[in-house]
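Notes to accompany the following structure.
Small disclaimer: the values here were computed from a predicted structure and weren't measured.
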Amino acid sequence: MAGALDGLRILDLSRILAGPTCTQLLGDLGAEVIKIENPGTHGDDTRAWGPPFVTGTDGAPTDLSAYFMCANRNKLSVAVDIATPEGQETIRALAATCDVVLENFKPGGLEKYGLDHASLRAAHPALVYCSISGYGQTGPNASKPGYDLMAQGYGGIMSLTGATDGEPMKVGVGVADVMCGMYATVGILAALRHRDQTGEGQHVDVSLVDTQIAWLINEGVNYLTSGEVPKRRGNAHPNIVPYQVFASSDGHVLVAVGNDGQFARFCDYLGVAELAQDPRYATNPARLANRDTLIETVAGLLAARTMDDIIAGLEARKVPVGPVQTLDQVFASDQVQARGMVAEVPCDEAAEGHVRLIGNPLNMSASPVTYRRAPPRFGQDTDAILARLKDKT
């Protein structure tokens with residue numbers, strides 16, 4: 001079954017996480033992705049971001065770190081030094097065969113090589129050229145380097161994350177990078193739609209900080225509407241109560257009461273149905289105003305019950321509830337198995353003959369995602385891709 005993006009070719013000049021997340025998604029959807037890696041650094045920086053590494057057939061660690069593999073399946077690895085005239089000519093020749101070029105150099109960093117968007121699009125007007133950077137191609141911070149941690153700090157999400165009396169806290173994974181890659185994917189697909197209608201390519205400029213600010217979502221608009229700077233609330237919600245983690249007698253559960261009807265059923269489970277009629281708690285605005293006393297009461301009642309009792313009791317009453325799982329529990333769950341969220345991809349270089357990766361969450365009935373290639377060893381496709389260019393001359 002053909003992928004949605006079969007026939008599309010991507011020239012990927014990116015590394016680390018944001019750009020590779022974007023191109024992996026495009027690759028999962030059927031595009032051919034040619035990943036350019038620097039011979040001087042033995043490729044993408046994240047190849048060395050381990051352990052863990054995949055064990056090779058010789059019993060030694062390979063250059064396939066878990067970090068590299070998380071965003072680099074369905075790609076061809078080509079070793080090219082773009083700092084050399086020969087390497088620059090190779091990139092220009094490859095760009096001429098591609099629909100999309102994606103890069104994450106510092107703004108202006110590719111101009112000296114003649115590989116910037118203006119140069120390549122002058123030669124190929126239909127080319128979609130996407131630039132990912134820390135702060136964007138314009139603005140006073142454009143020249144500053146951008147990493148996920150800096151984006152989370154500058155963009156405000158760390159000020160909202162963590163315990164009320166604790167220090168600002170980053171999200172546990174590089175979510176600013178990942179979401180930037182997602183926005184870049186949307187921008188590229190929209191630009192391709194425009195190109196297919198008009199024949200005109202364009203420059204897609206997307207940054208970690210811009211996208212991180214975009215996904216401040218309700219807290220960002222809370223501030224823009226009220227002028228009040230939101231505070232860290234730990235696992236509590238700024239606009240809904242009760243909506244947080246609670247301790248049980250043997251672990252932790254998540255309770256997410258989204259409306260007054262759910263709150264009434266929640267109180268019924270706890271054996272305090274009268275709370276739903278109490279003017280201090282009868283509506284969500286009232287519960288927000290009286291958050292502290294309500295949470296103290298609810299937390300005490302839940303702490304005396306087991307996780308299983310709470311989950312079964314609230315599920316029976318259709319109140320949103322769930323466990324806080326560790327990753328071993330996540331990946332062992334029947335839901336993960338049913339949804340195919342672990343992908344075993346054949347890999348000749350791995351001692352086990354395959355690598356285990358997180359699956360793509362898109363389920364498409366007519367053009368499903370495919371896992372055609374395991375994350376590549378450094379430069380493994382250089383000869384094949386360069387031979388293809390020679391065949392065209």
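- Ile358 and Val369 fall into different hydrophobic clusters, where Ile, Leu, Val, Met, Phe, Trp and Tyr side chains are chained together by heavy-atom contacts under 4.5 Å.
- Using a cut-off of 4.0 Å between Lys/Arg side-chain N and Asp/Glu carboxylate O, Arg287 and Asp260 are scored as salt-bridged.
- Environment of CG in Asp196: crowded, with over 12 heavy atoms of neighbouring residues, nucleotides or ligands closer than 6.0 Å.
- Inter-residue side-chain proximity for Asp308 and Asp250 is flagged as unmet; no heavy-atom pair is nearer than 4.5 Å.
- How far CG of Leu302 is from CG of Leu270: 5.0 Å, rounded to the nearest 0.5 Å.
- Ring orientation note: the planes of His203 and His117 are close to parallel, at an angle under 30° on the 30°/60° scale.
- Side-chain polar atoms of Glu349 and Thr62 form no donor-acceptor pair below 3.5 angstrom.
- Closest approach of Pro375 to Val355, counting heavy atoms only: CD-CG2, 4.2 Å.
- Side chain to side chain, Thr293 and Asn290 fail the donor-acceptor criterion of an N or O pair below 3.5 Å.
- Checked for salt-bridge contact, Lys75 and Glu32 miss the test: no charged N lies under 4.0 Å from a carboxylate O.
- With rounding to the nearest 0.5 Å, the separation of OG in Ser333 from CZ in Arg339 is 12.0 Å.
- The minimum heavy-atom distance linking Leu25 with Met182 is given by the pair CD2-SD, 4.0 Å.
- The distance between the ring centers of Tyr154 and Tyr135 falls below 6.0 angstrom.
- Around CZ of Phe246, the count of heavy atoms belonging to other residues, nucleotides or ligands within 6.0 Å exceeds 12.
- Atom OH of Tyr371 is surrounded by more than 12 heavy atoms from other residues, nucleotides or ligands within 6.0 Å.
- Counted by atom type alone, Ser77 and Glu37 present one or more donor-acceptor pairs between their side chains at under 3.5 Å.
- Two residues are said to be in side-chain contact when any heavy atoms from C-beta on lie closer than 4.5 Å; Arg73 and Asp28 meet this criterion.
- Across Gly156 and Leu216, no two heavy atoms sit closer than the pair C-CD2, 4.2 Å.
- The backbone N or O of Asn72 sits less than 3.5 Å from a side-chain atom of Gln24, completing a donor-acceptor pair.
- Ile240 and Val245 fall into different hydrophobic clusters, where Ile, Leu, Val, Met, Phe, Trp and Tyr are joined by side-chain heavy atoms under 4.5 Å apart, directly or via other members.
- In terms of hydrophobic clustering, with Ile, Leu, Val, Met, Phe, Trp and Tyr side chains grouped at heavy-atom distances under 4.5 Å, Val330 and Val173 are assigned to different clusters.
- Within 6.0 Å of CZ on Arg377 lie more than 12 heavy atoms contributed by other residues, nucleotides or ligands.
- Side-chain contact of Ser14 with Asn104: a donor-acceptor pair under 3.5 Å is absent, judged by distance alone.
- Between the side chain of Arg193 and the backbone N or O of Leu189 there is no donor-acceptor pair closer than 3.5 Å.
- Using a 4.0 Å cut-off between charged side-chain N and carboxylate O, Arg47 and Asp63 make a salt bridge.
- Residues Asn239 and Asn222 bring a donor and an acceptor atom of their side chains to less than 3.5 Å of each other.
- Residue Asn38 holds its CG atom at 11.5 Å from NE2 of His42, rounded to the nearest 0.5 Å.
- Under a cut-off of 6.0 angstrom, the local environment of CD in Glu167 is sparse, with at most 12 non-hydrogen atoms contributed by other residues, nucleotides or ligands.
- Environment of CE in Met150: sparse, with no more than 12 heavy atoms of neighbouring residues, nucleotides or ligands closer than 6.0 Å.
- Looking only at side-chain heavy atoms (C-beta outward), Asp12 and Ile34 stay at 4.5 Å or farther from each other.
- The closest side-chain donor-acceptor pair between Tyr67 and Asp45, if any, does not fall under 3.5 angstrom.
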Stepwise side-chain hydrogen bond (donor to acceptor under 3.5 Å, both in side chains) check, Asp44 with Thr46: CA-CA 5 Å; Asp44 192 312; Thr46 62; 2.9 Å; yes
List the steps, then state whether side chain to side chain contact (heavy atoms under 4.5 Å, CB included) holds for Met69 with Phe53. CA-CA 9 Å; Met69 290 198 300; Phe53 296 93; over 6 Å; no
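- With hydrogens and angles ignored, the 3.5 Å screen pairs no side-chain donor or acceptor of Thr370 with any backbone N or O of Arg372.
- Side-chain atoms of Asn363 come within 3.5 Å of backbone N or O of Pro361 as a donor-acceptor pair.
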Run the side chain to side chain contact (heavy atoms under 4.5 Å, CB included) check on Leu13 and Val101 step by step: do they pass? CA-CA 7 Å; Leu13 306 180; Val101 172; 4.1 Å; yes
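- With Thr382 contributing its side chain and Ala79 its backbone, the two residues share a donor-acceptor pair below 3.5 Å.
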Does Phe68 form a side chain to side chain contact (heavy atoms under 4.5 Å, CB included) with Trp49? I'd like the steps, not just the answer. CA-CA 7 Å; Phe68 175 81; Trp49 288 10; over 6 Å; no
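- Closest approach of Gly187 to Val204, counting heavy atoms only: O-CG2, 4.0 Å.
- Between Val336 and Phe331, the closest heavy-atom pair is CG1-O, 4.1 Å.
- Judged by distance alone, with hydrogens and angles left aside, the side-chain atoms of Gln262 form a donor-acceptor pair with the main-chain N or O of Gly258 at under 3.5 Å.
- Two different hydrophobic clusters hold Val229 and Met158 under the rule that ILVMFWY side chains link at heavy-atom gaps under 4.5 Å.
- In this structure, Gln202 CD and Ile188 CD1 are separated by 10.5 Å, a value rounded to the nearest 0.5 Å.
- In this structure, the side chain of Arg121 engages the main chain of Gly201 through a donor-acceptor pair within 3.5 Å.
- A donor-acceptor contact under 3.5 angstrom links the side chains of Gln329 and Thr326, judged on distance only.
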Run the salt bridge (charged side-chain N to carboxylate O under 4.0 Å, His left out) check on Arg195 and Asp99 step by step: do they pass? CA-CA 10 Å; Arg195 183 207 64 177; Asp99 301 278; 2.8 Å; yes
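- Between Leu115 and Arg92, the closest heavy-atom pair is CD2-CG, 3.8 Å.
- The neighbour count for Gln337 CD, taken as heavy atoms of other residues, nucleotides or ligands under 6.0 Å away, is above 12.
- Asn284 places a side-chain N or O within donor-acceptor distance of the main-chain N or O of Val241, the cut-off being under 3.5 Å.
- Note on Trp215 and Met169: separate hydrophobic clusters, where clusters join Ile, Leu, Val, Met, Phe, Trp and Tyr whose side-chain heavy atoms are under 4.5 Å apart, directly or indirectly.
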Which is it for Asp116 and Ser119 under the side-chain hydrogen bond (donor to acceptor under 3.5 Å, both in side chains) test, yes or no, and what are the steps along the way? CA-CA 6 Å; Asp116 56 298; Ser119 300; 2.7 Å; yes
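- Checked for salt-bridge contact, Lys170 and Asp148 miss the test: no charged N lies under 4.0 Å from a carboxylate O.
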Step by step, work out the side chain to side chain contact (heavy atoms under 4.5 Å, CB included) result for Leu314 and Val253. CA-CA 11 Å; Leu314 293 183; Val253 294; over 6 Å; no
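- Counted by atom type alone, Gln244 and His237 present zero donor-acceptor pairs between their side chains at under 3.5 Å.
- Between the side chain of Glu228 and the main chain of Tyr223, no donor-acceptor pair closer than 3.5 Å is present.
- Remark: the backbone N or O of Arg373 is paired with a side-chain donor or acceptor of Asn74 at under 3.5 angstrom.
- To the nearest 0.5 Å, the span separating CG on Leu357 from NE2 on His354 amounts to 9.5 Å.
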